[in-house]
Amino acid sequence: MSTFKAPKGTYDLIPPRSAEYLAVREAFAAPLRRAGYGYVETPGFENVELFARGVGESTDIVTKEMYTLTTKGGDELALRPEGTASVLRGALENNLHKAGNLPVKLWYSGSYYRYERPQKGRYRHFSQVGAEAIGTEDPYLDAELIILARDSYRSLGLRNFRILLNSLGDANCRPAYRALLQEHLRGLDLDEDTRRRIDINPLRVLDDKREAVQRQLTGAPLMADHLCAECKAYHERVRELLTAAGVDFEDDPKLVRGLDYYTRTTFEFVHDGLGSQSAVGGGGRYDGLSEMIGGPALPSVGWALGVDRTVLALEAEGVDLQLPAVTQVFGVPLGEEATGELFGLITRLRRDGVAADLAFGGKGLKNAMKSANRSGARYALILGERDLAEGVVQLKELETGGQESVALDRVVAEVQAKLGSLPTR
Ligand code: AMP
């Protein structure tokens, strides 16, 4: 064992479980590609100010959870805690919104960093796949994104998740509601930190998970009852579109989310088998964010789905992803000359698209067969000195133990025929 350990709150993705992560990322990405979203990749760190302004000065993410650093050149940077601000910054910087084709639809996949208290499902380094539709206000887009996320969870085989939906209003109706809520909250018996939050971001108090706080919030005014006519109609339309698409959701008038930029539609995907860290994904509309980071008005909507928690959710539901075997054929050479010959054969199989591996390090038959069995391969190709002299190789089906001699110059075609249309990765 090395004397070093992965930093607190982080973990290594190692085989075979790492294959599940790749499959989850792919399950999130495939529907996005089919829906016209283009892949975007932004740096792992940004100017700290982007997140302070974008995510919100008063949010936990900015005040407590950012990994910040000062470079040797004096720049103040932060490891990205989330994707939306960076993607929007990138879209603006590259003038994607000026190409005359709105919305700009983008998707991303990557690592994110938050200095949180680690626990199961909550890490300091985690992985998200996200999607943003930038520059268009249209309830069909909000619905599209929710449908895409829901369908990708379903395509993985997940069943026990729920979609929580709310509207946070807009610049028109939220200020009056905010004042009303502040007035109400100031009359409650709350600790000092929470009272400070009432001044800065009273909506977040609604999201407080503590029982003692929740108990006092039963009579609190809710945004849903104070939406302006436009927001109300917009929200109704999103709800209708989801219903028409067969997407079940629950109205959650207290769903606020931990980032300041949301307006109107907000939603969260929660999984019931995960304990306290139950959110597997979330997102919403952020019509004011572009202006907050110095851009033009670009009403937008997006989401981010958590890869780590989705893998945990799959495990909680006992879903077996049926991942294809990594190795289909495994070479077992006995002796120096056989190794050279088999290495050539395995290389040819690989070039022909067969997932193939072989025993390295001059292993004896017993150990090499152990490796073959561990690899998950369907077939072993065993080549000894006598086979070599006869110009054949033993093709062994590992599960049944059935074995046949195949001429060396026929074996690639034979293996291909046997594997048929078995998928490779
Ligand atoms: P958020 O931007 O906080 O809504 O995050 C979107 C999704 O990313 C969440 O629903 C989680 O699935 C995932 N996520 C956020 N923070 C963490 C974390 N610290 N550890 C693991 N997953 C996270």
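Order of appearance sets the numbers: ligands from 1, and atoms from 1 within every ligand. The model shown is predicted, which means the values in this text are computed figures rather than measured ones.
A heavy-atom distance below 4.5 Å is not found between the side chains of Pro202 and Arg186. For the pair Phe343 and Leu358, the minimum side-chain heavy-atom distance is below 4.5 Å.
At a 4.0 Å heavy-atom cut-off, ligand 1 touches Gln128 through the side chain alone. Of the heavy atoms in Arg122, both backbone and side-chain atoms come closer than 4.0 Å to ligand 1. At a heavy-atom cutoff of 4.0 Å, ligand 1 is contacted by the backbone of Val280 but not by its side chain.
A ring-centre distance under 6.0 Å is not found for Tyr113 and Phe126.
Of the N and O atoms on the side chains of Glu132 and Ser300, not one donor lies less than 3.5 Å from an acceptor on the other residue.
A heavy-atom separation below 4.0 Å is found between Arg114 and ligand 1.
No more than 12 heavy-atom neighbours from other residues, nucleotides or ligands sit within 6.0 angstrom of CG on Asp248.
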**Item:** Derivation of the side chain to side chain donor-acceptor pair (under 3.5 Å) call for Asp142 and Tyr234
**Value:** CA-CA 10 Å; Asp142 306 44; Tyr234 193 97; 2.7 Å; yes
**Asked** When you look at Gln277 and Tyr123, which way does the side chain to side chain donor-acceptor pair (under 3.5 Å) test go after all the steps?
**Response** CA-CA 10 Å; Gln277 302 306 311; Tyr123 309 107; over 6 Å; no
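In terms of polar-atom proximity, defined here as any N/O pair under 3.5 Å, Glu82 makes no such contact with ligand 1. The distance criterion of under 3.5 Å between nitrogen or oxygen atoms is not met by Asp308 with respect to ligand 1.
For atom 21 (C) of ligand 1, the nearest non-hydrogen atom from the set Ala304, Gly121, Gly306 belongs to Gly121. For atom 11 (C) of ligand 1, the nearest non-hydrogen atom from the set Ala279, Gly83, Gly281 belongs to Ala279.
Less than 4.0 angstrom separates some heavy atom of Phe126 from each of these atoms of ligand 1: 14 (N), 15 (C), 16 (N), 17 (C), 18 (C), 19 (N), 20 (N), 21 (C), 22 (N), 23 (C).
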